[in-house]
Amino acid sequence: MNHLLSIKDLSQSQLIELLQLAKEIKSNPKQYRNALDGKSVVMLFEKPSLRTRVSFDIGINKLGGHCLYLDQQNGALGKREPVSDFASNISCWADAIVARTFAHSTIEQLAEHGTVPVINALSDMYHPCQGLADFLTLSEHFEDLSKVKLAYVGDGNNVTHSLMYGAAILGASLTVICPQGHFPDGQVVVEAQALAAKHGGELLLSSDINDLKQQDAIYTDTWISMGDNAELADIKAKFGPYQVTSELMQQTGANYFMHCLPAYRGVEATAEVVDGEGSLILHQAENRMHAQNAVLVTLLAD
Ligand code: CP
Ligand code: NVA
């Protein structure tokens, strides 16, 4: 493993090992206090962030490393100087690059032109750190991830793509329900279905909310992602039937609700569900740091 650009690049054993290491770091943080001793990580963010920025900064600190945040929110990377020069220059000083970008191709360019590991902190296509934290969270509630029945309801987006690859590689069952015109990327669907077939998982896609059968957990995300200029009124009209409500949770028998956050209560899910007893949102948020620290230790520790 040289980078973390997408969960699809991980083998099943690499993914399982990352989740195990994340649990180990979470339960024995003192043993990893110097894991990144002398290492510096540069963080480039073209988009806003709470969880990702804070969990990387504090996580790197807990591993004994140093992190530097470079604010790119006033313009996409590559405007003042080429992305390739960014990557090659940062590689002169830093030991890794964490990047949140609009275009996934920017992350790929950083990896291509730099000489240090690159970690995708969200692009238009993927959110692998989120996916890792989500499967870590599920693994704390279910003994065998291959038996988990997870559903994703809402906009087919970067988070959906990472969940699809993760579930497929782990051999889990994932049902993705999105309105027509808002399905996940076609190539991701084909690749995730092939991975699910290889690992004994199941990936179902539908635009009919009634195709949701018995579920263990229901996951949703914002209906309008960063960089998407859709009008909320138009989206609300189209996505109304896909709101995650207590009724939907009851009908499907889902005990757990998941969301990567930020959540818009009363839009993609009701406040009752987001803040309800079965909501795992803060477990997911906490696990961002542990999952990312497992990635950092795997990529950087001596
Ligand atoms: N879930 C997530 O990535 O949150 P932020 O956008 O706040 O980093
Ligand atoms: N799909 C959302 C995730 C935010 C963490 C977005 O890209 O804005």
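For ligands, and for the atoms within them, numbers begin at 1 and follow the listed sequence. What you see is a predicted model; the values in this text were computed from it and never measured.
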Item to complete: Using the six-membered ring wherever Trp is involved, compare the ring planes of His141 and His283 and label them parallel, tilted or perpendicular (cut-offs 30° and 60°).
Response: perpendicular
Discussion item. Using a plain distance cutoff, I'd like to know if Met226 has any nitrogen or oxygen under 3.5 Å from a nitrogen or oxygen of ligand 2.
Written reply: yes
Worksheet entry | Per-atom contacts of ligand 1 with Arg288, taking only distances under 4.0 Å to non-hydrogen atoms | 1 (N), 2 (C), 3 (O)
Worksheet entry | Non-hydrogen atoms of Lys147 and Asp216 that approach each other most closely | O-OD2, 3.9 Å
Discussion item. Minimum distance, heavy atoms only, to atom 1 (N) of ligand 1: which one of Cys260, Ala263, Ser225 is it?
Written reply: Cys260
Worksheet item: Quick one: nearest non-hydrogen protein atom to atom 3 (C) of ligand 2, plus distance?
Response: Asp221 OD2, 3.6 Å
Item to complete: Could you tell me whether some N/O pair between Met226 and ligand 1 is separated by less than 3.5 angstrom?
Response: no
Discussion item. Any nitrogen or oxygen of Leu122, side chain or backbone, less than 3.5 Å from one on ligand 1?
Written reply: no
Practice prompt. For atom 6 (O) of ligand 1, grab the closest protein heavy atom and report residue, atom and distance to one decimal in Å.
Written response: Arg100 NH1, 2.8 Å
Worksheet item: Between Gln180 and Ser207, which heavy-atom pair has the shortest distance, and what is it?
Response: NE2-OG, 3.2 Å
Worksheet item: Under 3.5 Å between some N or O of ligand 1 and some N or O of Arg53?
Response: no
Discussion item. So, regarding Thr222 and ligand 2 (criterion: nitrogen or oxygen to nitrogen or oxygen, under 3.5 Å), is there a contact or not?
Written reply: no
Worksheet item: Any side-chain heavy atom of Val244 within less than 4.5 Å of one from Tyr219?
Response: no
Response to the item:
Looking only at non-hydrogen atoms, the one of Leu261, Asp155, Asn158 nearest atom 5 (C) of ligand 2 is Leu261
Discussion item. Please compare Arg51, His127, His259 and report which has the shortest non-hydrogen distance to atom 3 (O) of ligand 1.
Written reply: His127
Worksheet item: What atoms of ligand 2 come closer than 4.0 angstrom to any heavy atom of Leu122?
Response: 3 (C), 4 (C), 5 (C), 7 (O)
Worksheet item: For ligand 1, is Lys47 a contact, meaning one of its heavy atoms is under 4.0 Å away?
Response: no
Worksheet item: Would you say Leu261 has any N or O atom under 3.5 Å from an N or O of ligand 1, going by distance alone?
Response: yes
Worksheet item: For Gly38 and Asp95, which heavy atoms make the closest approach, and how far apart are they?
Response: O-OD2, 3.9 Å
Practice prompt. Could you list the atoms of ligand 2 found under 4.0 angstrom from a heavy atom of Asn157?
Written response: 1 (N)
Practice prompt. Not counting sequence neighbours, which residues clear side chain to side chain contact (heavy atoms under 4.5 Å, CB included) with Gln31? List them please.
Written response: Glu24, Asn28
Worksheet item: In ligand 1, which numbered atoms sit nearer than 4.0 Å to a non-hydrogen atom of Leu50?
Response: 5 (P), 7 (O), 8 (O)
Worksheet item: What heavy-atom pair brings Leu174 and Tyr152 nearest, and what distance separates the two atoms?
Response: CD1-N, 4.1 Å
Item to complete: Just grab all the side-chain hydrogen bond (donor to acceptor under 3.5 Å, both in side chains) pairs involving residues 34-46, residues at least two apart or on different chains.
Response: Lys39-Asp302, Ser40-His66
Worksheet entry | Aromatic Tyr69 / basic Arg53 pairing, under 6.0 angstrom, 45° off normal | yes
Worksheet item: Could Lys47 and Phe102 be counted as a cation-pi pair, given that NZ or CZ must be under 6.0 Å from the ring centre and within 45° of the axis?
Response: yes
Worksheet item: Does Gln284 have a heavy atom less than 4.0 Å from any atom of ligand 1?
Response: no
Worksheet item: Would one find more than 12 heavy atoms of other residues, nucleotides or ligands at under 6.0 Å from atom NZ of Lys238?
Response: yes
